[in-house]
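Counting starts at 1 for both ligands and their atoms, following the listed order. What's counted below: heavy atoms across the whole structure, side chains too, no hydrogens, waters or symmetry copies.
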Amino acid sequence: MVTELSAKPAFSLSSTAQSGAADYPGLDNWRDLPISQQPSWQDRDVFDASVKELSVLPPLVFAGEVDVLRERLAAAAQGKAFLLQGGDCAETFEAATADKISARVKTILQMAVVLTYGAAMPVIKMGRMAGQFAKPRSSNDETRGGVTLPAYRGDIVNGYEFTPQSRGHDASRMLRAYHTSASTLNLIRAFTQGGFADLRSVHQWNKGFTENPAHARYESLARDIDRAIQFMASCGADFEALKRVEFFASHEALLLDYERALTRIDSRTGFPYDTSAHFLWIGERTRELDHAHVDFLSRVRNPIGVKLGPSTTGDDALRLIDKLDPEREPGRLTFITRMGAGNIREKLPAVVEKVTASGAQVLWVTDPMHGNTVTSPNGYKTRNFDDVIDEVRGFFEVHHALGTVPGGLHVEMTGDDVAECLGGADPVDQDAFLDRYESVCDPRLNHMQSLEMAFLVAGALAKH
Ligand SMILES: O=C[C@H](O)[C@H](O)COP(=O)(O)O
Ligand SMILES: C=C(OP(=O)(O)O)C(=O)O
Ligand SMILES: [Mn+2]
């Protein structure tokens with residue numbers, strides 16, 4: 001049973017008690033529009049106090065960093081860079097540990113080195129991290145053993161534990177989400193600016209992948225990368241400069257009270273920026289043109305993404321472009337297609353052709369995860385690695401056939417050795433789910449499967 005929520009949030013602040021950029025025109029227009037996937041907060045006072053506090057807490061990212069990202073994404077849309085966006089389906093407060101964050105950042109850096117070599121262009125590194133706490137759900141409730149409770153909507157709303165106390169929607173969680181995002185972002189900045197990301201170290205880490213006999217097929221590409229780095233060293237490349245990398249934070253802008261409270265006016269330009277992350281996206285379940293999420297995101301200066309599922313038409317895409325990117329600003333809009341391996345070759349061309357014919361330039365990115373979710377025979381939500389890779393292949397085939405740019409990859413992955421997606425060269429089978437399945441929402445590629453994807457995509461990129 002799918003419950004499409006169109007109820008307004010349980011409470012909404014009156015315009016005079018606004019958070020963030022209180023008097024900027026239009027920033028609260030969304031409150032008068034249909035909205036879905038919002039919590040029904042239990043306690044109004046807790047909600048008011050939480051939003052009030054959020055509205056005066058420091059921004060998590062700065063407008064200048066956001067502008068740099070928009071430039072990078074503009075280059076990717078022109079085929080001069082490639083976007084790698086990866087991380088949890090649902091971040092959790094419990095997993096925001098130094099070990100798990102570093103494992104995720106490391107894996108993304110390792111994937112990026114391989115992709116950079118294959119694409120022979122810069123790879124923009126972006127985490128589904130430091131704020132990916134809110135989850136849209138297909139159903140409002142979950143039933144286990146005859147007991148029905150509210151569905152888990154991410155740690156920013158309620159707890160994963162299946163009890164009435166845990167599943168209640170608690171607005172104070174928005175504050176914990178903010179602080180957890182801040183500490184995660186702090187560690188990401190330290191890792192990526194403090195020498196952890198040294199290209200030579202990252203390349204060394206990749207040796208662990210190719211030493212695994214199951215990955216022998218990738219050895220020649222790994223050897224080519226090795227020789228390229230040796231060549232750089234022989235030419236006296238300044239590896240000191242390669243110790244620092246840009247790394248951007250992103251999440252789905254689902255809870256608009258949270259996003260609105262963190263929206264601030266940039267003192268340099270006078271424009272509003274959602275300072276909860278560098279990049280925000282609108283999900284497949286909340287991209288109705290005249291609904292709240294599209295309206296709110298149309299009014300902030302961040303580069304934004306929209307997930308496009310198999311029901312998307314070319315006209316839908318054009319209407320979203322007109323609403324979200326009326327100025328046709330380079331780098332502003334990214335379409336993240338999540339069609340399903342069995343749909344992409346049939347469904348994507350018409351959408352891309354329509355957008356191309358309009359003259360609009362967007363960044364096309366594939367999310368090969370969300371259209372390929374299945375249930376394993378032993379009852380786990382999973383994805384087949386082969387389907388995931390096949391959707392990526394279809395994405396490249398469609399864009400190469402149309403002469404458009406396959407500009408990026410959006411992956412639910414982890415740096416840990418979990419068992420959540422079936423298959424891969426060192427195959428995960430469903431029995432492994434019993435004690436290595438950790439995701440609280442969708443299944444993620446594990447460290448080795450993520451690297452294998454990078455080697456496979458690098459091969460595809462190198463061919464064009
Ligand atoms: O991450 C995306 C969605 O939140 C997720 O796929 C929804 O899962 P569900 O269909 O189990 O609600
Ligand atoms: C909810 C998500 O995906 P989609 O909106 O494409 O279902 C997600 O990427 O977490
Ligand atoms: Mn997901």
Side-chain angles (χ1 to χ4, degrees), residues 1-5 36-39 83-92 126-144 148-158 160 162 167 249-255 277 279-288 291 293-294 297 304-312 316-317 320 334-341 343-344 347-348 351 364-376 379-383 387-388 391 395 408-414 418 420-421 437-445:
M1 184 242 322
V2 176
T3 316
E4 186 46 46
L5 297 168
S36 54
Q37 300 289 342
Q38 301 304 291
L83 173 63
L84 171 63
Q85 185 180 11
D88 291 323
C89 171
E91 275 185 297
T92 63
M126 187 188 286
R128 282 179 55 118
M129 295 177 75
Q132 178 54 20
F133 290 110
K135 297 306 303 170
R137 298 311 302 267
S138 305
S139 170
N140 208 18
D141 305 309
E142 180 184 356
T143 299
R144 290 187 199 175
T148 297
L149 292 174
Y152 170 65
R153 289 187 168 275
D155 277 7
I156 193 172
V157 174
N158 58 2
Y160 183 67
F162 194 70
R167 289 294 176 94
S250 71
H251 63 264
E252 179 178 356
L254 186 66
L255 290 200
F279 181 89
L280 290 311
W281 75 83
I282 301 167
E284 167 73 353
R285 294 171 183 79
T286 53
R287 61 173 172 82
E288 286 292 322
H291 285 204
H293 288 89
V294 172
L297 271 292
I304 50 181
V306 186
K307 291 291 198 81
L308 300 181
S311 66
T312 310
D316 292 337
L320 283 164
T334 296
F335 279 149
I336 307 168
T337 61
R338 32 83 97 228
M339 299 284 177
N343 296 318
I344 186 162
K347 305 277 187 181
L348 183 58
V351 180
W364 292 102
V365 169
T366 181
D367 161 359
M369 314 296 294
H370 288 90
N372 294 306
T373 307
V374 294
T375 304
S376 65
Y380 285 79
K381 197 199 274 192
T382 189
R383 285 132 178 185
D387 293 340
V388 168
E391 176 149 3
F395 176 74
L409 205 46
H410 178 114
V411 191
E412 288 186 329
M413 49 70 70
T414 175
V418 301
E420 296 170 9
C421 289
Y437 195 108
E438 296 175 16
S439 178
V440 291
C441 195
D442 286 343
R444 305 159 295 174
L445 298 183

Please check this pair: side chain of E91 against backbone of Q132, looking for a donor-acceptor N/O pair closer than 3.5 Å. yes
Counting from 1 in the order shown, the ligand 1 atoms closer than 4.0 Å to a non-hydrogen atom of K381 are 8 (O), 9 (P), 11 (O)
Going by heavy atoms, is E412 under 4.0 Å from ligand 2? yes
Enumerate the atoms of ligand 1 whose separation from the nearest heavy atom of C89 is less than 4.0 angstrom. 1 (O)
Donor-acceptor contact present, side-chain Q37 to main-chain R285, <3.5 Å: no
For Q132, the ligand 2 atoms with a heavy-atom partner under 4.0 Å come out as 10 (O)
Full working for side chain to side chain contact (heavy atoms under 4.5 Å, CB included) between L149 and D141: CA-CA 6 Å; L149 292 174; D141 305 309; over 6 Å; no
Do we see a donor-acceptor contact under 3.5 Å between the side chains of E420 and T382? no
Hey, looking at atom 10 (O) of ligand 2, which of K135, E252, Q37 has the closest heavy atom? K135
Is ligand 1 under 4.0 Å from a heavy atom in the side chain of R285, in the backbone, in both, or in neither? side chain
Out of E284, R287, K307, R338, the nearest non-hydrogen contact to atom 7 (O) of ligand 2 is supplied by R338
So for R128 against ligand 2, with non-hydrogen atoms under 4.0 Å, the contacting part is side chain
So, for W281 and H410, is the gap between ring centers shorter than 6.0 Å? yes
Using a plain distance cutoff, I'd like to know if D367 has any nitrogen or oxygen under 3.5 Å from a nitrogen or oxygen of ligand 2. no
Name the orientation class of the two ring planes belonging to Y152 and Y160 (parallel below 30°, tilted from 30 to 60°, perpendicular beyond 60°). perpendicular
To the nearest 10 degrees, how large is the angle at the Mn ion (ligand 3) between H370 NE2 and D442 OD2? 90°
Show the nearest heavy-atom pair for residues P136 and E252, with the distance to one decimal. CD-OE1, 3.5 Å
Dump the intermediate steps for side chain to side chain contact (heavy atoms under 4.5 Å, CB included) on L83 and W364, then the final yes or no. CA-CA 10 Å; L83 173 63; W364 292 102; over 6 Å; no
Would the distance check show the side chain of T375 and the main-chain N or O of K381 forming a donor-acceptor pair, the cut-off being under 3.5 Å? no
Shortest-distance N, O or S atom of E412 relative to the Mn ion (ligand 3): OE2
Suppose I only count heavy atoms of P136 and a 4.0 Å limit; which atoms of ligand 2 are within that range? 1 (C)
Criterion side chain to side chain donor-acceptor pair (under 3.5 Å) on H370 and E412, from CA distance to verdict: CA-CA 9 Å; H370 288 90; E412 288 186 329; 2.9 Å; yes
Give the numbers and elements of all ligand 1 atoms closer than 4.0 Å to a heavy atom of P136. 3 (C), 4 (O), 7 (C)
For ligand 1 and S138, I'd like to know whether there is a polar contact (N/O to N/O, distance under 3.5 Å). yes
Name the one of R383, R128, R338 that satisfies salt bridge (Lys or Arg N to Asp or Glu O under 4.0 Å) with D442? R383
Which ligand 1 atoms, with their elements, are less than 4.0 angstrom from a heavy-atom of K135? 1 (O), 2 (C), 4 (O)
Under 3.5 Å: donor-acceptor pair, side chain of H293, backbone of L254: yes
Just jot down the ligand 2 atoms closer than 4.0 angstrom to any heavy atom of H370, in number order. 2 (C), 3 (O), 7 (O), 8 (C), 9 (O), 10 (O)
N/O/S atom of C89 inside 2.8 Å of the Mn ion (ligand 3), strictly under: yes
I need the atoms of ligand 2 closer than 4.0 Å to a non-hydrogen atom of G283, numbered in the order shown. 5 (O)
Identify the protein heavy atom lying closest to atom 5 (C) of ligand 1, giving its residue, its atom name and the separation to 0.1 Å. D442 OD2, 3.4 Å
